[in-house]
J.: 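Before I ask anything, let me first share the structure, which is written out below as structure tokens.
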Amino acid sequence: MKSHLDFIPQKYTQKLVEKGKFQWSAPSNIALVKYWGKKENQIPANPSISFTLNNCKTTTTLEFEPKGFTSENFSFDLFLDGIPKEDFKPKMQKFFERIAVYLPFLKDFHFTIFTQNTFPHSSGIASSASGMAAMAVNLMSIEKLFNPAMSDDYFWQKASFLARLGSGSACRSVKGSVVVWGENSSIVDSSDLFGVAFTEKIHKNFQCFQDTILLVDKGEKVVSSTVGHELMHNHPFAVQRFEQAHKNLAQMKQILIDGNLEQFVALVESEALTLHAMMMTSMPYFILMKPNTLEIINKIWKFRNETNIQVCFTLDAGANVHVLYPEEVKNEVLQFIKNELIDYCQNQQYICDEIGNGAQKII
Ligand code: PMV
């Protein structure tokens, strides 16, 4: 698929779709090379690559019923953990508006959306990636009822494409353990429109890779990702940053194939700090790290120096720290986390996760 127009269906072979329901889970993901800055319609300003997570996920049940009449409005109810969630509705409404041209049946149905996350809602872990990915695959299951001959490739590419329109990084939460989003000369078939699974064989050092998420601060972010991306327009270092991300992605590809953990650590930590450096050098500038974020980073550096265990950190747009390490050193690193890092977490909270496989159909 080369253009967004390829995702506008020409005609459906099935005219009538009765009421029904689907249920999918979709995971969160953690970027190694970060997406920060976008063009119109959620087109990324630079390519990114992420590990798909396994335990941090959203499960969404989507019930659908023909309205029986045509109207210009979307009709849906939304429940989080079984409770009506009115304040999530504007975001869903906007998502429906953005994707309506690609899913012409949307206005013909009433939808009831039941969603729940495995991670605490106010943990500072964004549910937008897993949540939008779970919605997108559910909606593709409905589209498949209208077009049963749909190919698997089309299903997954369009699911990622739709998820991207909900939240950029959500397109990396649909399919694959390692996902690239954004055109890059080193990745065949990479696209700005959707995420693609990394097809090279990943070195055994990265199989079952661990991500322990330290919940440093669960508060509302001072600056949202949307505003942060916006501030990359006219940013003094934007051009260099976008170029650097292209080079870093090519380098990361080789690292994942070769299994060089020292190079992995250096590149991942540099990417995390570059992301936050972009925030600190935006105008207006802002800081999302907290004092405990820095305490943890320093402890990780000290532990790595002393033990030569290749554990590293990465950060998203927030204060929480993702601690990344090979499965082989799981016991040592978990002990270190318990002994030295959990006191820097709010209520000593952390989540153990690892590399996963993407969205799963439940019903
Ligand atoms: O998908 P958004 O708009 O929430 O952007 C998220 C960007 C980062 O998490 C900071 C980096 C990334 O690539 O996931």
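In each ligand, atom 1 is the first atom listed, and ligand 1 is the first ligand listed.
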J.: Name the closest protein heavy atom to atom 9 (O) of ligand 1, giving the residue it belongs to and the distance to 0.1 Å.
T.: D316 OD1, 3.3 Å
J.: Just go through A163, P47, S169 and tell me whose heavy atom is the nearest to atom 6 (C) of ligand 1.
T.: S169
J.: With a 3.5 Å cut-off and no angle check, do the side chains of D77 and T112 form a donor-acceptor pair?
T.: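 No, no side-chain donor-acceptor pair sits under 3.5 Å.
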J.: Find all atoms of ligand 1 within a distance of less than 4.0 Å from any non-hydrogen atom belonging to G168, and give their numbers and elements.
T.: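 Answer for ligand 1: 1 (O).
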J.: Flag H229 as yes when one of its N or O atoms lies below 3.5 Å from any N or O atom of ligand 1, and as no otherwise.
T.: yes
J.: Closer than 4.0 Å to some heavy atom of A31 - which atoms of ligand 1 meet that?
T.: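 Checking each atom against A31, I get 12 (C), 13 (O), 14 (O).
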J.: Of all the atoms in ligand 1, which lie at a distance below 4.0 Å from a heavy atom belonging to S225?
T.: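 In order of numbering, the contacting atoms are 4 (O).
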J.: When you check the side-chain N and O atoms of Y35 and S50, is any donor under 3.5 Å from an acceptor?
T.: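 There is no such pair between these side chains.
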J.: Cut-off 3.5 Å, side chains only: do T58 and N117 have a donor facing an acceptor?
T.: yes
J.: Scan T59, T60, D81 and name whichever one has a side chain to side chain donor-acceptor pair (under 3.5 Å) with T115.
T.: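 By the side chain to side chain donor-acceptor pair (under 3.5 Å) criterion, T115 pairs with just one of T59, T60, D81: T60.
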J.: Does any N or O atom in R172 lie less than 3.5 angstrom from one in ligand 1, N or O only?
T.: yes
J.: Can you tell which of S48, A317, G182, S28 gets a heavy atom nearest to atom 10 (C) of ligand 1?
T.: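 It is A317 whose heavy atom sits nearest to atom 10 (C) of ligand 1.
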J.: Main chain of G195, side chain of R164: is a donor-acceptor contact present, judged purely on distance under 3.5 Å?
T.: no
J.: With under 30° as parallel and over 60° as perpendicular, where do the rings of F22 and F64 fit, or are they tilted in between?
T.: parallel
J.: For ligand 1, is any non-hydrogen atom under 4.0 Å from L275's backbone (N, CA, C, O), its side chain (CB onward), both, or neither?
T.: side chain
J.: Is it the case that the side chains of K91 and S167 hold a donor-acceptor pair, with the cut-off being a distance below 3.5 Å and no angle test?
T.: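 Distance-only check fails for S167 and K91.
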J.: I need the nearest protein heavy-atom contact for atom 11 (C) of ligand 1: residue, atom name and distance, please.
T.: Y35 O, 3.4 Å
